[in-house]
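Before any comments, here is the structure.
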Amino acid sequence: MKETFYVTTPIYYPSGRFHIGTAYTTVLADSLKRLNKLKGKDCYMLTGTDEHGQKIETVAEKNGLKPQEYVDKMADMAKELWKKMDIQYDNFIRTTDEKHEKIVQKIFQIFLEKGDIYKGEYEGLYCIPCETYFTKTQLIDGKCPDCGREVVPMKEEAYFFNMKKYADKLLKYYDEHPDFIKPEFRKNEMINNFIKPGLEDLCVTRTSFDWGIKVPSDPKHVIYVWLDALTNYLTALGYLSDDDSLFKKYWPANVQVIGKDIARFHLIYWPIFLIALDLPLPDHIVVHNWIMMKDGKMSKSKGNVIYPETLIDRYGLDATKYFLLREMPIAQDGIFSPEAFIERYNFDLCNDLSNLLNRTVSMVNKYFQGKVEGYTGCINDVDKELEEYCKTQIDKFNESIDNFEIANSLQEIWNLISRTNKYIDETSPWILAKNNETGKLKSCIYHLIENLRKIAILIKPFMNETAENILNQIGINSEDLKTWESLNYYDKIKDIKVIEKGEPIFMRLNPEEEVEYLKESMKA
RNA sequence: CGCGGGGUGGAGCAGUUGGCAGCUCGCAGGGCUCAUAACCCUGAGGUCGUAAGUUCGAGUCUUACCCCCGCAACCA
């Protein structure tokens, strides 16, 4: 049986239009799925929407809709965006799915019976008009961060999950699985800020609104966000349902991708729920940082919000994905700026990659009527060095990927692209042609084509269309020459014919015009 | 003294175990013509936040101080 790979995104809260950060998380997960699929694994990717809660109730009302009507609309919006972005998810879970709701109730009952959940009182600072609790640190000048009005101390009956009971087990797990949390400093953040000072129990129900899953044994309570939301990763696979074959096949998850805003919930509460359910924990939880703007956080009031559609519609999906994956380090905030986007596009995609393909295809046509017969070995040290460099870069790529450093792994691919461009100057094929040094010329062309083939395979998980385009232009049709495994050999291309007139896969953009365009679109 | 991350040529960043300070962009000069004002080469530019210490030798270790950022409990 094939090795399985289960990757998840968070379920997104559809209280508004998805911005580029949401797209980034999803692209990251999708890329990991595609990579592992290419490596031959049996993959399953989950995404979805988190549709309950106070805020949804409020936003729906503002739009003159019932909560269910509103979330139906938003789930469609999400699916449409993921379609546009060619996200290959296998399941889209909605927390309003009846199947999900039933299992959440079941899980709640299990915890209740085990004594992990108990009834208590939730106390906090409450904004009456907003019907929301806030903590002291959330307040702005001591007032409600949403509406600016006074908050009052309130309490209500609520159920709590006994987190304290599991704190030691969680620490032990962290300790025994150093790769569980990526990057590692997030783990220390959790330990120092929350666990070491003494974990507080988590409130898992509310009575102040009812757009949520009811507690079966006490229906005036609805299950509050985290127990409902986090368990989606299990319910989506049919955990505790009549058909749990997917769960048996794919659990535990290999990688769960999240943003830093929900780190605490995924790094503390989620593993504890799993421990309490006596289930194995995921291999890795990858916490990525945020996409910031030059002037700080994206916000509508600053007029600096960039939506994925803006970039995709004008520059294409692959360019958009490339920028996100290349520019956003996992462990630091990345910065989006129109200038940076256009620079990446022109330098990396046009000058380096597209140009390499273009000049190579042109030479094969010019010197050999578009034909490449086969491998003729290494004619000289330059060839040999190039082959070795290629191998090294693939190793480096793998190393970075294993650490979820996607930006670095792309960097390694681009180093290979640059090295290949340099190889053309080192071998000067136009001189070889002039001097009728056919043997050397053949070897040079073969090496260029072979490197392009490898480059295409390496970028395929991140830029599928571009990869296919490259392979098509250099005439690689055989599926055997498109596999991940085929990165291991150098000599298998035989009797291919490149496209007669290669179209540039990326065309240079006018920086001034495009920066202007992006700035305008961000204001709107 | 809450915990953690960081301060490296004009900008953005790499720098595993201490051993001649690198990358991308920008700038200056050159090369080539297969390709896109592209591609390739060379050069200028840094007392690696400040001060002291350990060491034959520190961006890399220790201590103190200055500055920036993240986290700090129910916010998806």
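Each chain gets a letter, A, B and so on, in the order its sequence line appears, and its residues count up from 1.
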Give [X] one of three labels, base, sugar-phosphate or nothing, depending on what nucleic acid heavy atoms sit under 4.0 Å from its own.
| X | value |
| --- | --- |
| A/L202 | base |
| A/F161 | nothing |
| A/G198 | base |
| A/T360 | nothing |
| A/Y12 | nothing |
| A/I191 | nothing |

Euclidean distance, atom [atom1] of residue [X] to atom [atom2] of [N] [Å, nearest integer]:
| X | N | atom1 | atom2 | value |
| --- | --- | --- | --- | --- |
| A/D50 | B/C75 | CG | C1' | 12 Å |
| A/D261 | B/A72 | CG | P | 10 Å |
| A/Y126 | B/C75 | OH | C1' | 15 Å |
| A/Y224 | B/A73 | OH | C1' | 12 Å |
| A/L267 | B/A73 | CG | P | 16 Å |

Heavy atoms from other residues, nucleotides or ligands near CG of A/D402 exceed 12 (cutoff 6.0 Å):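 Yes, because the 6.0 Å sphere around CG of A/D402 holds more than 12 heavy atoms from other groups.
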Residues, nucleotides or ligands: over 12 heavy atoms within 6.0 Å of A/E500 CD: no
Heavy atoms, side chains only, cut-off 4.5 Å: are [X] and [Y] in contact?
| X | Y | answer |
| --- | --- | --- |
| A/K260 | A/D333 | yes |
| A/Y174 | A/L267 | yes |
| A/F108 | A/V104 | no |

Close N or O pairs between protein and nucleotides 40-42 of chain B (under 3.5 Å):
{"unit_1": "B/C40", "atom_1": "O4'", "unit_2": "A/D425", "atom_2": "OD1", "d": "3.2"}
{"unit_1": "B/C40", "atom_1": "O4'", "unit_2": "A/D425", "atom_2": "OD2", "d": "3.4"}
{"unit_1": "B/C41", "atom_1": "OP1", "unit_2": "A/K422", "atom_2": "NZ", "d": "3.3"}

Secondary-structure stems for RNA chain B, with pairs counted as Watson-Crick or G-U when both distances are under 3.5 Å and runs at least 3 long: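 Stems (3+ consecutive pairs) listed as B:2-7 with B:66-71, B:10-13 with B:22-25, B:27-31 with B:39-43, B:49-53 with B:61-65.
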Backbone N/O of A/E189 and side chain of A/N193: donor-acceptor pair under 3.5 Å: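 Yes; at least one donor-acceptor contact below 3.5 Å.
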Donor-acceptor contact below 3.5 Å, side chain A/N91 vs main chain A/A236: yes
Centroid-centroid under 6.0 Å between A/W414 and A/F397 rings: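 No, the ring centres sit 6.0 Å or more apart.
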A/Y367 side chain near B/A35 phosphate (N/O to OP1/OP2, under 4.0 Å): no
Test item: side-chain donor near acceptor, A/Y315 and A/E514, under 3.5 Å: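 Yes, side-chain donor-acceptor contact under 3.5 Å.
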First encountered from the 5' end of RNA chain B, between A/Q411 and A/S15: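 Checking each residue's closest nucleotide, the 5'-ward one belongs to A/Q411.
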Nucleic acid contacts of residues 430-445 of chain A, taken as heavy-atom distances under 4.0 Å to RNA chain B: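 Close to the strand are A/W430.
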B/S/- contact track for nucleotides 1-9 of chain B, protein heavy atom under 4.0 Å: -BSS-----
Report, one pair per line, the protein and nucleotides 11-17 of chain B atoms (nitrogen or oxygen only) whose separation is under 3.5 Å.
{"unit_1": "B/A14", "atom_1": "OP1", "unit_2": "A/Q332", "atom_2": "NE2", "d": "2.6"}

Against the six-membered ring of [Y], is [X] placed for a cation-pi contact (under 6.0 Å from the centre, within 45° of the normal)?
| X | Y | answer |
| --- | --- | --- |
| A/K55 | A/Y13 | no |
| A/R344 | A/F323 | no |
| A/R264 | A/Y269 | no |

Qualifying residues under ring pair (Phe, Tyr, Trp, His ring centres under 6.0 Å), relative to A/F506, sequence neighbours excluded: A/Y345
Ring geometry between A/Y24 and A/H288 (parallel below 30°, tilted from 30 to 60°, perpendicular above 60°): perpendicular
Non-hydrogen atoms of A/T235 and A/H100 that approach each other most closely: OG1-ND1, 2.7 Å
Spacing of CD1 belonging to A/I413 relative to CD belonging to A/Q393, to within rounding of 0.5 Å: 9.5 Å
Whole-Å P distance, B/C48 and B/U60: 9 Å
